[in-house]
Protein chains: 2
Amino acid sequence: MTSTRPVRLLLADDEHLIRGALAALLSLEDDLTVVAEAASGPEALAMARAHAPDVAVLDLQMPGADGVKVATSLRAELPGCRVLIVTSHGRPGHLKRALAAGVRGFVPKTVSAQRLAEIIRTVHEGNRYVDPELAADAIASGDSPLTAREAEVLELAADGAPVAEIAERAALSQGTVRNYLSSAVSKLGAENRHAAVRLARERGWV
Amino acid sequence: MTSTRPVRLLLADDEHLIRGALAALLSLEDDLTVVAEAASGPEALAMARAHAPDVAVLDLQMPGADGVKVATSLRAELPGCRVLIVTSHGRPGHLKRALAAGVRGFVPKTVSAQRLAEIIRTVHEGNRYVDPELAADAIASGDSPLTAREAEVLELAADGAPVAEIAERAALSQGTVRNYLSSAVSKLGAENRHAAVRLARERGWV
DNA sequence: CGGGTGACATGACAAATGTCAGAGGGGCCA
DNA sequence: TGGCCCCTCTGACATTTGTCATGTCACCCG
């Protein structure tokens with residue numbers, strides 16, 4: 001395989017500094033070429049439509065729509081475009097969501113550019129790549145033990161709202177809300193609902 | 001001023017990808033040279049001692065010790081070394097803390113590498129540089145209305161711990177803790193202490 | 001069809017939390 | 001020195017929670 005045409009990349013990250021630097025570094029690899037850059041979720045989608053890249057390298061946290069949402073849309077609109085998610089804070093639940101959205105690769109930003117280039121090639125060839133450490137975390141943390149309602153109520157409780165407000169927003173009775181919160185708290189082994197929110201967040205279950 | 005020797009830089013960021021990319025980009029500027037890199041707070045300090053750089057470019061959030069703590073130590077040990085903080089999530093309080101620690105520059109990662117290079121030069125010449133948007137946020141959010149104790153107690157309450165635990169850890173009576181929490185909550189206009197924690201965090205007051 | 005499970009509810013009780021009034025002591029500054 | 005503000009505490013009270021027992025209803029599966 002001598003003169004394959006280079007892999008066309010879309011780079012999306014809201015931090016200009018990182019995105020630019022990354023573009024520069026990846027361009028040094030002569031089998032990779034950055035054809036488009038975006039600073040937000042919607043922009044990434046638009047760029048993908050316009051340039052139909054081979055691989056989309058997406059940051060997980062972007063304004064507008066996060067990497068996973070963009071990946072979902074991309075999956076439908078451009079099935080040929082592989083998606084690789086890059087993230088600073090790899091929480092187990094994100095990985096699971098990402099894989100469910102058809103993402104082919106998931107790596108933390110702690111990898112080197114060299115390594116990232118290799119992973120981009122891996123993904124482009126149709127293989128999957130998940131950072132071993134993140135994968136281990138995801139397996140260790142397991143599936144969410146929360147039912148859909150419990151998770152929903154816990155989420156509404158996330159900003160410290162009192163039960164009355166949660167009940168109203170969820171269209172549930174206060175007693176029911178307290179029941180859900182109580183069971184969520186005990187399932188997570190937390191001291192109270194606020195600690196439960198923290199735990200669930202850490203594990204990516206909300 | 002024709003043949004000044006290049007500005008010697010220390011780069012500290014726990015994300016290898018970013019750090020490497022940044023190093024590569026900044027090295028393209030012929031008046032800048034990266035003499036050391038670090039992936040954690042303590043490592044940054046050690047590197048600074050070993051290489052005595054002209055400017056230290058520090059990420060705000062690093063394992064071990066954050067950028068501001070490193071800056072504080074650096075101020076004492078290497079007064080000649082200017083510190084520039086780079087951050088993803090610019091919260092007003094951080095800026096204030098950073099300036100108090102003698103940091104000369106504070107910029108979000110949304111700037112371009114070009115711009116960053118200019119800012120590094122500015123800082124190296126002894127001037128200060130603070131991102132205008134972050135500065136505006138900091139001014140708008142104003143000073144913390146919390147007394148030292150209120151902030152301390154609020155911080156201990158941050159992870160959802162019950163009052164009893166806070167009281168023990170702060171060596172205060174439970175009643176006192178509740179009084180402080182109560183006054184903090186009302187000063188912040190929050191619904192309860194958990195919402196207060198969130199608000200205070202957002203504004204960088206804890 | 002019967003049984004299990006989850007969504008949803010009520011009511012009651014104990015525990016934690018929020019609020020208020022008051023009170024003593026220390027430091028700072030006019 | 002007197003006033004003011006903060007720190008610290010106490011005690012009492014109303015409100016909000018967490019927990020438990022219990023019940024109804026709908027749905028899915030064997």
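Basis for what follows: all heavy atoms, side chains included, without hydrogens, waters or symmetry-related copies. Numbers restart at 1 for each chain; the letters A, B, ... are given by sequence-line order, proteins then strands.
- If you check every strand for non-hydrogen atoms under 4.0 Å, Arg178(A) touches a base.
- Judged by distance alone, the side chains of Thr87(A) and Gln61(A) never bring a donor and an acceptor atom under 3.5 Å apart.
- Taking the nucleotide of DNA chain D with the nearest heavy atom to each of Gly175(B) and Glu150(B), the more 5' of the two is matched to Glu150(B).
- Nearest to the side-chain atoms of Ser182(A) among the listed nucleotides dA7(C), dG18(D), dT8(D) stands dG18(D).
- At a threshold of 4.0 angstrom between heavy atoms, the contacts of Ala164(A) with the nucleic acid are absent.
- Regarding contacts with the backbone of dC6(D), every side-chain N or O of Tyr180(B) stays at 4.0 angstrom or more from both OP1 and OP2.
- Heavy atoms of other residues, nucleotides or ligands lying less than 6.0 angstrom from CD of Glu202(B) number more than 12.
- Considering only side-chain N and O atoms, Arg193(B) lies under 4.0 angstrom from the phosphate OP1 or OP2 of dG18(C).
- At a threshold of 4.0 angstrom between heavy atoms, the contacts of Thr147(A) are confined to the sugar-phosphate backbone, with no base atom among them.
- Between Ser173(A) and dC8(C) there is no side-chain N or O to OP1 or OP2 distance below 4.0 Å.
- Within a 6.0 Å radius of CD in Glu77(A), other residues, nucleotides and ligands contribute more than 12 heavy atoms.
- In this structure, of dA7(C), dT8(D), dT17(C), it is dT17(C) that holds the atom nearest to the side chain of Val163(B).
- One atom, CG of Leu172(B), and another, C1' of dC7(D), lie 9 Å apart when rounded to the nearest Å.
- Judged by distance alone, with hydrogens and angles left aside, Asn179(B) brings a side-chain donor or acceptor within reach of the base of dC9(D), the pair sitting under 3.5 Å.
- At a cut-off of 3.5 Å, with distance as the only test, no side-chain donor of Ser186(A) or Ser183(A) sits close to an acceptor on the other residue.
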